[in-house]
Amino acid sequence: MTHIELTEQTCNDAEQTPPAIRLSGVDKSFANGNQTIEVLNNVNLTVAPQAIVGLIGASGSGKSTLLNIISGILKPDRGQVCICGAASEEFNDWGSVSYMFQDDRLLPWRSAIRNVEFALEPGSIAKKDRAQRALQALQLVELEGFEEAFPYQLSGGMRSRVALARSLVTEPRILLMDEPFSRLDAQTRALMHEELLRVYKLKRMTVVFVTHDVAEAVLLADQVAVLSPRPGTIREVVNIAPARPRDITQPAVASYMQRLRALI
């Protein structure tokens with residue numbers, strides 16, 4: 001296996017506007033008893049500012065691991081991760097990077113607005129200002145009137161909206177999403193696709209999302225990065241040409257779906 005050792009210069013290059021995310025030669029392995037499982041091998045990926053990028057691949061190909069490395073939750077064994085032009089270990093604005101998990105992870109003893117406020121509590125924002133920003137985030141995802149509702153009183157789609165509002169309340173430049181809509185029924189998932197694209201159009205952040213759903217990837221993304229089976233590496237990055245909104249009945253969309261399935 002060839003490992004790529006990179007220097008800080010990889011991030012701080014001559015580009016006026018650096019990529020939102022750049023992965024260069026990223027490897028990651030995990031110990032499993034007496035064995036070492038190689039999950040990622042020589043991953044190279046560049047994500048432009050304000051792009052929507054989908055990550056797909058076979059189960060176990062390292063999609064979520066890659067997202068966790070981008071977020072700083074995990075460190076790569078080798079290679080370099082750059083966020084907005086700075087090496088990950090030197091990046092000092094992690095508050096501008098938000099993560100929406102597969103589970104909504106709402107605290108059952110907190111109302112919707114208090115769940116959204118939770119994302120602001122580690123900072124120095126005054127309580128009154130936290131409440132105002134949380135209210136604005138709920139309004140952004142069209143949950144006015146449900147501020148005081150508790151998670152058990154909300155539908156699956158509404159819970160996902162609260163989770164999205166919590167991810168947006170910090171006003172991130174980068175939004176990472178790990179299969180955030182996978183547990184929703186098809187109709188609610190389609191509504192959440194529309195909601196995400198509506199919010200994206202307003203906020204123009206960079207979005208990277210993991211999905212097992214090829215249709216979801218094609219409907220949402222500007223580019224889809226396909227990971228090979230473990231150890232995962234980027235097999236191909238496919239640019240999705242049709243303008244949004246897209247529909248799976250469109251011949252061009254169906255063609256992209258067929259191409260991506262063949263690559264997995």
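As the structure is a prediction and not an experimental result, all values here were calculated from the model.
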Report the C-alpha separation of Leu138 and Phe146 in whole Å, then their side-chain angles, then the decisive distance to 0.1 Å, and conclude whether the side chain to side chain contact (heavy atoms under 4.5 Å, CB included) test is met. CA-CA 8 Å; Leu138 286 171; Phe146 292 92; over 6 Å; no
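- In this view, Arg105 satisfies the side chain to side chain donor-acceptor pair (under 3.5 Å) rule with no residue, not counting sequence neighbours.
- Few gaps surround CD on Gln250; more than 12 heavy atoms of other groups in view lie less than 6.0 Å from it.
- To the nearest 0.5 Å, atoms CZ (Arg235) and OG (Ser228) are separated by 5.5 Å.
- A distance-only check finds a donor-acceptor pair linking the side chain of Tyr200 to the backbone of Gln50 [under 3.5 Å].
- The same ILVMFWY cluster, assembled from side-chain heavy atoms under 4.5 Å apart, contains both Leu74 and Val210.
- Taking both residues in full, the closest heavy atoms of Gly62 and Leu227 are given as C-CD2, 4.0 Å, listed atom of the first, atom of the second, then distance.
- For the pair Glu195 and Arg161, the salt-bridge criterion is met [side-chain N within less than 4.0 Å of a carboxylate O].
- In this structure, Phe209 and Ala217 approach most closely via the heavy-atom pair CZ-CA, 3.9 Å.
- Checked by atom type and distance alone, the side chain of Asp213 pairs as donor or acceptor with a backbone atom of Glu216 at under 3.5 Å.
- Note that CZ of Arg230 is 10.5 Å distant from CG of Leu40, once rounded to the nearest 0.5 Å.
- With hydrophobic clusters built from ILVMFWY side chains whose heavy atoms lie under 4.5 angstrom apart, Leu45 does not share a cluster with Met177.
- Of the possible donor and acceptor atoms, one in the side chain of Arg189 sits under 3.5 Å from a partner among the backbone N and O of Leu184.
- Of the possible polar contacts, none joining the Arg114 side chain to the Glu148 backbone as a donor-acceptor pair under 3.5 Å is found.
- Panel note: side chain Arg133, backbone Val169; a donor-acceptor pair is recorded below 3.5 Å.
- When the side chains of ILVMFWY residues are joined at heavy-atom separations under 4.5 Å, either directly or via intervening members, Val43 and Ile70 end up in a single hydrophobic cluster.
- Heavy-atom minimum distance, His212 versus Lys63: NE2-NZ, 3.5 Å.
- Closest non-hydrogen pair, Ile113 versus Ala131, comes out as CD1-O, 3.8 Å.
- Other members of the hydrophobic cluster containing Tyr152, listed by chain and number, are Phe150; membership follows side-chain contacts under 4.5 Å among ILVMFWY residues, whether direct or relayed.
- Of all the heavy atoms in Thr17 and Pro49, the pair that sits closest is CG2-CG, 4.0 Å.
- The environment of Glu89 atom CD is dense: over 12 non-hydrogen atoms of other residues, nucleotides or ligands sit within 6.0 angstrom.
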Determine whether Ser111 and Glu147 satisfy the following criterion, side-chain hydrogen bond (donor to acceptor under 3.5 Å, both in side chains), listing intermediate values before the conclusion. CA-CA 7 Å; Ser111 63; Glu147 297 87 355; over 6 Å; no
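- The closest donor-acceptor contact from the side chain of Ser167 to the backbone of Ala163 lies under 3.5 Å.
- Residues satisfying the side chain to side chain donor-acceptor pair (under 3.5 Å) criterion with Asn68, sequence neighbours excluded, are Tyr99.
- Listed here is the closest heavy atom pair of Leu106 and Pro151: CB-CG, 3.9 Å.
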Val237 and Thr46: side chain to side chain contact (heavy atoms under 4.5 Å, CB included), yes or no, with the steps? CA-CA 10 Å; Val237 177; Thr46 299; over 6 Å; no
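- At least one donor-acceptor pair under 3.5 Å links the side chain of Asn115 to the backbone N or O of Leu107.
- By the 4.5 Å heavy-atom criterion applied to side chains, Val47 and Pro19 are not counted as neighbours.
- Neither Val199 nor Val53 shares a network with the other; the hydrophobic side chains, linked directly or stepwise wherever heavy atoms of I, L, V, M, F, W or Y lie under 4.5 Å apart, form separate groups for each.
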Would Phe91 and Ser96 count as a side chain to side chain contact (heavy atoms under 4.5 Å, CB included) here? Give the steps. CA-CA 11 Å; Phe91 184 63; Ser96 69; 3.8 Å; yes
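- When hydrophobic residues (I, L, V, M, F, W, Y) are linked wherever their side-chain heavy atoms come within less than 4.5 Å, the members clustered with Ile248 are Ile56, Val214, Val218, Leu219, Val224, Val226, Val238, Ile240, Val253, Tyr256, Met257, Leu260, Leu263, Ile264.
- Taking OG1 of Thr188 as the start and CZ of Arg183 as the end, the distance is 15.0 Å to the nearest 0.5 Å.
- Put simply, the side chain of Asp27 gets close to the backbone of Asn42: a donor and an acceptor are under 3.5 Å apart.
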Begin with the C-alpha distance, continue with both residues' side-chain angles, and end with the deciding distance and a verdict on side-chain hydrogen bond (donor to acceptor under 3.5 Å, both in side chains) for Thr233 and Asn41. CA-CA 6 Å; Thr233 192; Asn41 174 32; 5.8 Å; no
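- Cation-pi check for Lys28 over Phe30 is met; the charged atom lies under 6.0 angstrom from the ring centroid and within 45 degrees of its normal.
- A continuous path of hydrophobic side-chain contacts links Leu196 to Val116 [ILVMFWY only; heavy atoms under 4.5 Å].
- Remark: Phe101 CZ to Ser64 OG distance equals 10.5 Å, nearest 0.5 Å.
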Walk me through it: do Val208 and Leu55 pass the test side chain to side chain contact (heavy atoms under 4.5 Å, CB included)? CA-CA 7 Å; Val208 179; Leu55 299 176; 4.0 Å; yes
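- Judged as a side-chain hydrogen bond (donor to acceptor under 3.5 Å, both in side chains), the pairs with a partner in residues 237-249 (not counting sequence neighbours) are, in order, Asp222-Arg244, Gln223-Asn239, Asp247-Thr249.
- Checking Asn44 against Ser24 by side-chain atom types alone, no donor-acceptor pair falls below 3.5 Å.
- In this structure Arg110 satisfies the side chain to side chain donor-acceptor pair (under 3.5 Å) test together with Glu121, sequence neighbours excluded.
- Two residues are said to be in side-chain contact when any heavy atoms from C-beta on lie closer than 4.5 Å; Gln102 and Pro180 fail this criterion.
- Considering only heavy atoms from C-beta on, Val97 stays 4.5 Å or farther from Pro172 through its side chain.
- Between Trp94 and Ser88, some side-chain heavy-atom pair lies under the 4.5 Å cut-off.
- Comment: Arg166 does not engage Asp104 in a salt bridge, judged by the lack of any side-chain N to carboxylate O separation of less than 4.0 angstrom.
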